[in-house]
Visitor: 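So that we are looking at the same thing, I have put the structure below in structure tokens.
For ligands, and for the atoms within them, numbers begin at 1 and follow the listed sequence. Keep in mind that the numbers below use all heavy atoms, side chains included, and drop hydrogens, waters and symmetry copies.
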Amino acid sequence: MNSYAKKKFLPMIRELKWTDMHDLIDNYYGYYDELEDDPDIGLAFYRIKPEYRNEVEWFASLYEEVISGNAVAVVAEEDGRAVGLCDIHRIRPNSELDHVGTLGIAIIRQYRNRGIGKELIRKALELSRGKFEIVKLEVFAVNSRAISVYRKAGFKEYGIFPDSLRRGERYYDQILMYYRLDGETG
Ligand SMILES: CC(C)(COP(=O)(O)OP(=O)(O)OC[C@H]1O[C@@H](n2cnc3c(N)ncnc32)[C@H](O)[C@@H]1OP(=O)(O)O)[C@@H](O)C(=O)NCCC(=O)NCCS
């Protein structure tokens with residue numbers, strides 16, 4: 001798909017709302033279902049699928065972090081439904097690590113590769129200015145698409161964590177990346 005087509009069909013990119021909770025929880029369960037088709041899916045899962053109430057707690061915690069200034073969270077919305085989320089949250093508030101945020105992102109399968117990831121990250125980094133100095137992330141070394149998006153957004157690699165994720169019999173390396181919001185020179 002060319003960049004014009006991507007832009008034409010780009011959904012609304014906006015900040016998280018409380019009413020996104022059910023969509024985002026449904027999306028999360030969908031990623032578990034994807035594991036059957038794509039054993040390499042680039043998200044780290046709990047060994048037992050969390051119960052719905054655990055997911056409500058996760059969402060409430062994220063929402064609280066946003067309100068208290070310890071996170072930014074951006075959603076892609078299409079036809080009134082949240083189809084993707086990018087969040088950056090403070091690793092440890094009120095500590096010597098409080099200038100660093102950790103980024104996570106996931107978009108439901110049918111909306112991938114349309115330029116949404118790129119836009120979610122752009123908006124999340126924009127909202128992070130003045131809140132964080134450095135944003136970091138971990139990405140599966142096999143997740144070429146995510147790595148490509150992060151590199152294009154300006155993230156730089158600073159290492160590899162070998163075998164950092166164990167899924168069944170298989171171990172995955174993760175690439176460690178960071179982005180500097182302060183001066184942006186790397
Ligand atoms: C990773 C993810 C967030 C990226 O978002 P996206 O909306 O699909 O990505 P975009 O459409 O913005 O950009 C994809 C880019 O990767 C490129 N790309 C696609 N497949 C690729 C591949 N296999 N290898 C390298 N590059 C690839 C595309 O050409 C595009 O680049 P372009 O904009 O220069 O054309 C999304 O695919 C996703 O949610 N994946 C599943 C969950 C996940 O892996 N999350 C990341 C955890 S670290």
Side-chain angles (χ1 to χ4, degrees), residues 1-16 20 23-46 49-50 55 58-59 62 71-79 81-89 91 100-128 132 134-167 170-179:
M1 194 181 282
N2 64 33
S3 58
Y4 173 73
K6 277 182 176 176
K7 276 200 184 100
K8 195 173 169 191
F9 296 111
L10 211 56
M12 188 199 310
I13 304 291
R14 58 156 175 81
E15 292 184 55
L16 184 76
D20 293 321
D23 289 341
L24 294 177
I25 295 174
D26 286 349
N27 295 353
Y28 184 64
Y29 285 138
Y31 304 138
Y32 268 88
D33 296 337
E34 272 190 59
L35 262 174
E36 289 166 25
D37 300 336
D38 177 12
D40 290 344
I41 181 172
L43 300 169
F45 293 101
Y46 293 100
K49 199 188 276 190
E55 289 307 298
W58 159 77
F59 182 87
L62 173 63
V72 300
V74 181
V75 156
E77 178 189 321
E78 182 142 311
D79 295 330
R81 189 190 191 292
V83 299
L85 168 72
C86 177
D87 69 287
I88 300 175
H89 66 97
I91 299 173
V100 184
T102 301
L103 182 144
I105 183 168
I107 297 159
I108 58 176
R109 184 154 40 177
Q110 56 271 42
Y111 289 90
R112 289 178 201 152
N113 229 17
R114 289 175 35 176
I116 297 173
K118 183 176 146 191
E119 284 305 309
L120 281 174
I121 291 170
R122 188 193 56 72
K123 182 73 179 168
L125 290 175
E126 181 187 303
L127 292 171
S128 293
F132 304 111
I134 302 171
V135 177
K136 73 177 191 68
L137 60 84
E138 291 101 46
V139 55
F140 286 27
V142 292
N143 196 349
S144 326
R145 179 166 49 199
I147 293 167
S148 160
V149 173
Y150 297 142
R151 281 189 185 138
K152 281 180 196 158
F155 280 81
K156 297 203 165 101
E157 292 165 34
Y158 67 93
I160 294 180
F161 187 171
D163 294 343
S164 58
L165 192 126
R166 180 167 58 87
R167 176 170 292 161
R170 182 154 177 205
Y171 290 81
Y172 291 82
D173 296 347
Q174 284 183 305
I175 296 180
L176 314 175
M177 303 180 93
Y178 75 98
Y179 180 94

Visitor: Would you tell me which option among Asp38, Leu103, Asn27, Val149 has the nearest heavy-atom contact to atom 14 (C) of ligand 1?
Guide: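 The nearest heavy atom belongs to Val149.
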Visitor: If we set the cut-off at 4.0 Å for heavy atoms, which region of Ser144 has an atom near ligand 1: side chain, backbone, both, or neither?
Guide: both
Visitor: Taking N or O atoms only and a 3.5 Å limit, does Lys118 qualify as a polar contact for ligand 1?
Guide: yes
Visitor: Quick check on contacts: which atoms of ligand 1 are under 4.0 angstrom from a heavy atom of Ala106?
Guide: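 Selected atoms, number and element: 39 (O).
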Visitor: Numbering the atoms of ligand 1 from 1, which are under 4.0 Å from a heavy atom of Glu138?
Guide: 48 (S)
Visitor: So does Arg112 have more than 12 non-hydrogen atoms from other groups sitting under 6.0 Å from CZ?
Guide: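 Enclosed: over 12 neighbouring heavy atoms sit under 6.0 Å from CZ of Arg112.
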Visitor: Under 4.0 Å from any heavy atom of Lys152, which atoms of ligand 1 are there?
Guide: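 With Lys152 as reference, the close atoms of ligand 1 come out as 31 (O), 32 (P), 34 (O).
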Visitor: May I ask you to check if ligand 1 and Asn143 share an N or O to N or O distance below 3.5 Å?
Guide: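 So ligand 1 has an N or O lying under 3.5 Å from an N or O of Asn143.
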Visitor: Is any side-chain N of the basic residue among Glu119 and Lys123 closer than 4.0 Å to the acidic one's carboxylate O?
Guide: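 Answer for the salt bridge query: no.
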Visitor: Do any nitrogen or oxygen atoms of Ala146 lie less than 3.5 angstrom from nitrogen or oxygen atoms of ligand 1?
Guide: no
Visitor: Does Arg109 reach ligand 1, in the sense of a heavy atom lying below 4.0 Å from it?
Guide: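 So Arg109 does not count as touching ligand 1.
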Visitor: Could you tell me whether ligand 1 has any atom less than 4.0 Å away from a heavy atom of Glu119?
Guide: no
Visitor: What residues form a salt bridge (Lys or Arg N to Asp or Glu O under 4.0 Å) with Asp33, not counting sequence neighbours?
Guide: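 Per chain and number, Asp33 pairs via salt bridge (Lys or Arg N to Asp or Glu O under 4.0 Å) with Lys49.
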Visitor: Please determine if Gly115 has a nitrogen or oxygen closer than 3.5 Å to a nitrogen or oxygen of ligand 1.
Guide: yes
Visitor: Is there side-chain contact between Pro50 and Trp58, with at least one heavy-atom pair below 4.5 Å?
Guide: no
Visitor: Can you check whether Leu85 reaches Asn27 side chain to side chain, under 4.5 Å on heavy atoms?
Guide: no
Visitor: Could you tell me, atom by atom, which parts of ligand 1 come under 4.0 Å of a heavy atom of Gly117?
Guide: 5 (O), 6 (P), 7 (O), 12 (O)
Visitor: Donor-acceptor pair, distance only, cut-off 3.5 Å: does the side chain of Arg167 make one with the backbone of Ile41?
Guide: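 Judged by distance alone, yes, a pair lies under 3.5 Å.
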Visitor: Any nitrogen or oxygen of Ile41 lying under 3.5 Å from a nitrogen or oxygen in ligand 1? Just yes or no.
Guide: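 Ile41 vs ligand 1: no N/O contact under 3.5 Å.
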Visitor: Using 4.0 Å as the upper bound for N to carboxylate O, is an ion pair formed by Arg109 and Asp38?
Guide: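 No.
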Visitor: Side chain, backbone, both or neither: which part of Asn113 has a heavy atom under 4.0 Å from ligand 1?
Guide: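 Both backbone and side chain of Asn113 come within 4.0 Å of ligand 1.
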Visitor: Should Ile105 be counted as touching ligand 1, given the test is an N or O pair under 3.5 Å?
Guide: yes
Visitor: Distance-only check: which donor-acceptor pairs under 3.5 Å involve side-chain atoms of residues 143-155, not counting sequence neighbours?
Guide:
{"from": "Asn143", "atom 1": "OD1", "to": "Ala146", "atom 2": "N", "distance (Å)": "3.4"}
{"from": "Arg151", "atom 1": "NE", "to": "Glu157", "atom 2": "OE2", "distance (Å)": "2.8"}
{"from": "Arg151", "atom 1": "NH2", "to": "Glu157", "atom 2": "OE2", "distance (Å)": "2.5"}

Visitor: For Tyr150, is at least one N or O under 3.5 Å away from an N or O on ligand 1?
Guide: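 Among all N and O atoms of Tyr150, none is under 3.5 Å from an N or O of ligand 1.
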Visitor: Do side-chain atoms of Asp173 reach the backbone of Ile160 as a donor and acceptor pair under 3.5 angstrom?
Guide: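 Checked: no pair found.
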Visitor: Mind telling me whether Tyr28 and Tyr31 have parallel, tilted or perpendicular rings, with 30° and 60° as the class edges?
Guide: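 Geometry flag for Tyr28 against Tyr31: perpendicular rings.
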